[in-house]
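Both backbone and side-chain heavy atoms feed into the values below; hydrogens, waters and symmetry mates do not. Below, chain A is the first sequence line, B the second, and so on; all start at residue 1.
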There are 2 protein chains.
Amino acid sequence: MRPTVHDIAAEAEVSLATVDRVLNNRPGVRKVTRDKVERAIATLGYIRDVAAANLAKSRSYPLIFILPEGENAFMRGLEAEVQSARARSAVERTDITILSVPAFDGSALADALDDARRRGPAGVAVVAVEAPQVVAAVGRLRADGIAVVTLVSDLTGSERDHFAGVDNIAAGRTAGSLMRRFLGGRDGPVAIVAGSMLVRDHRDRLEGFSAAVNEGVAKRHLLSVVEGHDDPSEVEKLVQDLLASHADLAGIYSLGAGNRGMIAALERAGRQSEICAIAHELTPYSRAALVSGTIDALLNQDAGHEVRSAIRVLKARADGLSMIEAQERIRIDIFLKDNLPVEPA
Amino acid sequence: MRPTVHDIAAEAEVSLATVDRVLNNRPGVRKVTRDKVERAIATLGYIRDVAAANLAKSRSYPLIFILPEGENAFMRGLEAEVQSARARSAVERTDITILSVPAFDGSALADALDDARRRGPAGVAVVAVEAPQVVAAVGRLRADGIAVVTLVSDLTGSERDHFAGVDNIAAGRTAGSLMRRFLGGRDGPVAIVAGSMLVRDHRDRLEGFSAAVNEGVAKRHLLSVVEGHDDPSEVEKLVQDLLASHADLAGIYSLGAGNRGMIAALERAGRQSEICAIAHELTPYSRAALVSGTIDALLNQDAGHEVRSAIRVLKARADGLSMIEAQERIRIDIFLKDNLPVEPA
DNA sequence: GAATTTTTGATGTACGTAAATCAAAAATGC
DNA sequence: GCATTTTTGATTTACGTACATCAAAAATTC
């Protein structure tokens with residue numbers, strides 16, 4: 001049987017109340033007594049029963065998630081993950097609210113952050129857009145003692161407690177490395193389609209890709225980046241134009257969302273097998289394209305992991321606890337059609 | 001505030017005792033009353049507070065893990081994960097024992113399973129070796145009502161409740177697909193090094209690889225499989241021989257353990273950059289080789305995920321509950337040097 | 001309609017911790 | 001050595017559920 005507070009009290013020859021004072025850092029305990037209790041804790045190997053502690057505290061964590069609107073399939077998947085975290089609220093003692101804001105709109109996001117602040121939550125998770133107003137709004141939240149975690153896209157120069165997302169420079173490098181190896185000796189330029197250079201994750205991916213695709217000897221020509229604002233129809237038009245003006249196009253790297261558009265353009269042009277396409281995020285559309293061969297490789301960040309990590313960090317920060325860095329690192333998954341996970345039910 | 005048993009009692013206009021009888025399927029409740037209570041549960045959206053329930057029950061789950069001995073780095077990593085699950089025993093109410101058996105030895109494994117059976121655990125997780133005695137021993141455990149999960153390597157024809165591991169045919173396919181694309185138009189045969197054809201996971205990987213590496217047009221010559229029994233020095237000798245007898249070797253697929261040997265042989269021959277090497281499992285050795293470029297790609301199964309999944313399933317089965325299939329599926333990770341996770345502390 | 005069985009209610013204890021109160025004891029200041 | 005402050009002890013209630021006991025009420029049987 002694992003030791004309880006009663007065992008500590010007996011071992012240290014003090015009362016239960018004193019043990020409680022030591023365990024919960026309450027004042028009014030002499031140094032000698034405190035040491036005595038801590039020695040007892042160490043010798044018995046006492047571990048606090050968090051389930052019982054939470055039960056007794058009946059603490060709850062009001063959290064707010066701020067996500068971009070729009071038909072971006074990855075973001076909708078992310079929202080679904082937040083919803084399913086909400087379903088676990090009972091067990092995890094969280095109380096999650098979701099706020100939606102227009103995508104790529106710094107001032108709207110800043111307003112939403114201020115709105116969140118007025119609600120007085122324990123923590124806020126936000127998909128960041130890089131803008132001075134946003135940095136300022138995050139500062140106000142932090143000043144109020146509200147924990148802030150950036151989700152998926154980080155915010156340079158802000159006082160956020162943590163970034164729950166992948167290393168996007170490494171993700172870009174991975175894409176570049178795959179592109180280089182998959183193209184092998186083949187000629188032709190490579191096109192890059194981004195969502196917006198206003199978000200940090202897209203800028204980082206571009207940086208990593210550019211460096212890795214030309215590592216080694218052969219220098220491959222990279223066309224200048226086009227921005228599709230994560231909108232399928234806009235992306236489709238852009239890719240259509242790229243295909244028309246570059247008959248020798250060897251590869252496309254889509255580093256943002258709106259892949260539906262790229263897929264449609266490639267397939268309508270009938271050039272899906274000759275062009276090596278690498279994209280981000282596993283969605284129903286990109287999955288189908290990977291299976292059919294239109295897309296050659298997909299990089300993915302697990303939205304479920306990111307949401308759960310964000311919640312863990314926010315709860316820890318709200319309690320003034322530290323986090324286990326290694327545990328909160330989000331991996332970059334590579335999917336080929338051969339290692340696709342089974343379709344979610 | 002989420003509803004409690006008291007709220008249900010009030011809503012259904014019955015006593016707390018009756019609610020308890022319904023919730024825990026105790027006898028002595030009329031159908032009409034039971035329905036009334038169940039309606040109250042539904043309308044209030046009551047969810048049992050598992051933390052409080054476990055606290056009240058003070059239930060514990062004695063589990064036994066049976067792992068192969070030897071200096072197989074993956075297996076030692078797996079054992080470390082079981083150890084760290086042991087450290088969480090307090091929270092998870094588990095009581096984990098580890099038994100070690102010689103690798104690739106069916107009768108020793110069967111003996112260990114019988115030993116486990118005598119200890120009367122709630123569940124057993126085992127890295128299987130395919131042998132009739134093992135199948136029979138698993139049958140005896142199941143007959144005693146002990147839950148059994150195969151770990152990493154499955155057991156054909158057995159009555160195990162679940163397999164906590166990756167789809168190794170898909171893993172082999174993924175390796176084959178990468179090999180094909182990385183080699184591109186280059187000539188030369190590909191060698192395959194396995195641990196033993198006695199374990200299901202190695203046989204499955206071979207099957208998948210053979211199919212995928214020659215998908216499409218060009219037929220690449222595959223040398224016949226050699227078995228290194230997951231032993232680094234044995235593998236080193238085998239690879240040394242392969243290199244000596246095949247000056248035009250284009251690729252090596254190492255589908256088992258003992259990669260240290262392969263790495264050493266490749267580097268001593270100075271042919272690490274001309275030969276495309278694909279291997280399994282991220283260990284300190286394989287990681288270093290991936291970074292240096294000796295290994296081109298690593299497939300990995302997350303041992304931590306597998307252990308945690310096995311524990312979840314064993315606990316659920318011990319309680320006669322069902323599991324969420326999708327949640328327990330273990331992914332196949334692909335690592336290039338560009339998307340390597342940071343070194344564990 | 002009495003005797004029997006089944007169903008329900010009332011109540012208490014337990015799990016391990018948190019948190020509060022009030023009294024008693026010990027340490028400190030002067 | 002007295003008054004004051006600080007430290008400690010003893011005790012109680014609470015969190016939400018599980019589980020047991022005994023009595024009371026209702027339903028069933030004959």
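- Residues N24(B) and R48(B) have side chains that bring a donor and an acceptor to within less than 3.5 angstrom of each other.
- A heavy atom lying under 4.0 Å from DNA chain D marks the following residues of residues 12-21 of chain A, by number: E13(A), V14(A), S15(A), A17(A), T18(A), R21(A).
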Cut-off 3.5 Å, no hydrogens considered: what does the side-chain donor-acceptor table look like for residues 93-100 of chain A, sequence neighbours left out?
{"from": "T94(A)", "atom 1": "OG1", "to": "S89(A)", "atom 2": "OG", "distance (Å)": "3.2"}

Nucleotide N/O of nucleotides 4-7 of chain C paired with protein N/O under 3.5 Å:
{"from": "dT7(C)", "atom 1": "O3'", "to": "R30(B)", "atom 2": "NE", "distance (Å)": "3.4"}

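- The side chain to side chain donor-acceptor pair (under 3.5 Å) pairs that include a residue from residues 149-158 of chain B are E130(B)-T156(B), T150(B)-D154(B), S153(B)-D201(B), D154(B)-R160(B), T156(B)-R200(B), where partners are two or more places apart or lie in different chains.
- Residues meeting the side-chain hydrogen bond (donor to acceptor under 3.5 Å, both in side chains) test with E328(B), sequence neighbours left out: S309(B), R312(B).
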Enumerate, atom names and distances included, each donor-acceptor pair closer than 3.5 Å involving a side-chain atom of residues 116-129 of chain B, sequence neighbours excluded.
{"from": "R117(B)", "atom 1": "NE", "to": "D144(B)", "atom 2": "OD2", "distance (Å)": "2.8"}
{"from": "R119(B)", "atom 1": "NE", "to": "D115(B)", "atom 2": "OD1", "distance (Å)": "3.4"}

Under 3.5 Å, which donor-acceptor pairs do the side chains of residues 38-46 of chain B form with other protein atoms, sequence neighbours left out?
{"from": "T43(B)", "atom 1": "OG1", "to": "R39(B)", "atom 2": "O", "distance (Å)": "3.1"}
{"from": "T43(B)", "atom 1": "OG1", "to": "A40(B)", "atom 2": "O", "distance (Å)": "3.1"}

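- Every residue two or more places apart in sequence or in another chain that forms a salt bridge (charged side-chain N to carboxylate O under 4.0 Å, His left out) with D333(A) is listed here: R331(B).
- Note: CG (N24(A)) to P (dG16(C)) measures 17 Å, nearest angstrom.
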Counting only pairs under 3.5 Å, give me each side-chain donor-acceptor contact of residues 6-15 of chain A, with atom names and distances, residues two or more places apart or in other chains.
{"from": "D7(A)", "atom 1": "OD2", "to": "T4(A)", "atom 2": "N", "distance (Å)": "2.8"}
{"from": "S15(A)", "atom 1": "OG", "to": "A17(A)", "atom 2": "N", "distance (Å)": "3.3"}
{"from": "S15(A)", "atom 1": "OG", "to": "T18(A)", "atom 2": "N", "distance (Å)": "3.3"}
{"from": "S15(A)", "atom 1": "OG", "to": "T18(A)", "atom 2": "OG1", "distance (Å)": "3.3"}

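- Considering only residues two or more places apart in sequence or on other chains, R76(A) meets the side-chain hydrogen bond (donor to acceptor under 3.5 Å, both in side chains) condition with E79(A).
- Among residues two or more places apart in sequence or in another chain, the salt bridge (charged side-chain N to carboxylate O under 4.0 Å, His left out) test is passed with R30(A) by none.
- Near DNA chain C, defined here as any heavy-atom distance below 4.0 Å, the residues from residues 38-61 of chain B are L55(B), A56(B), listed numerically.
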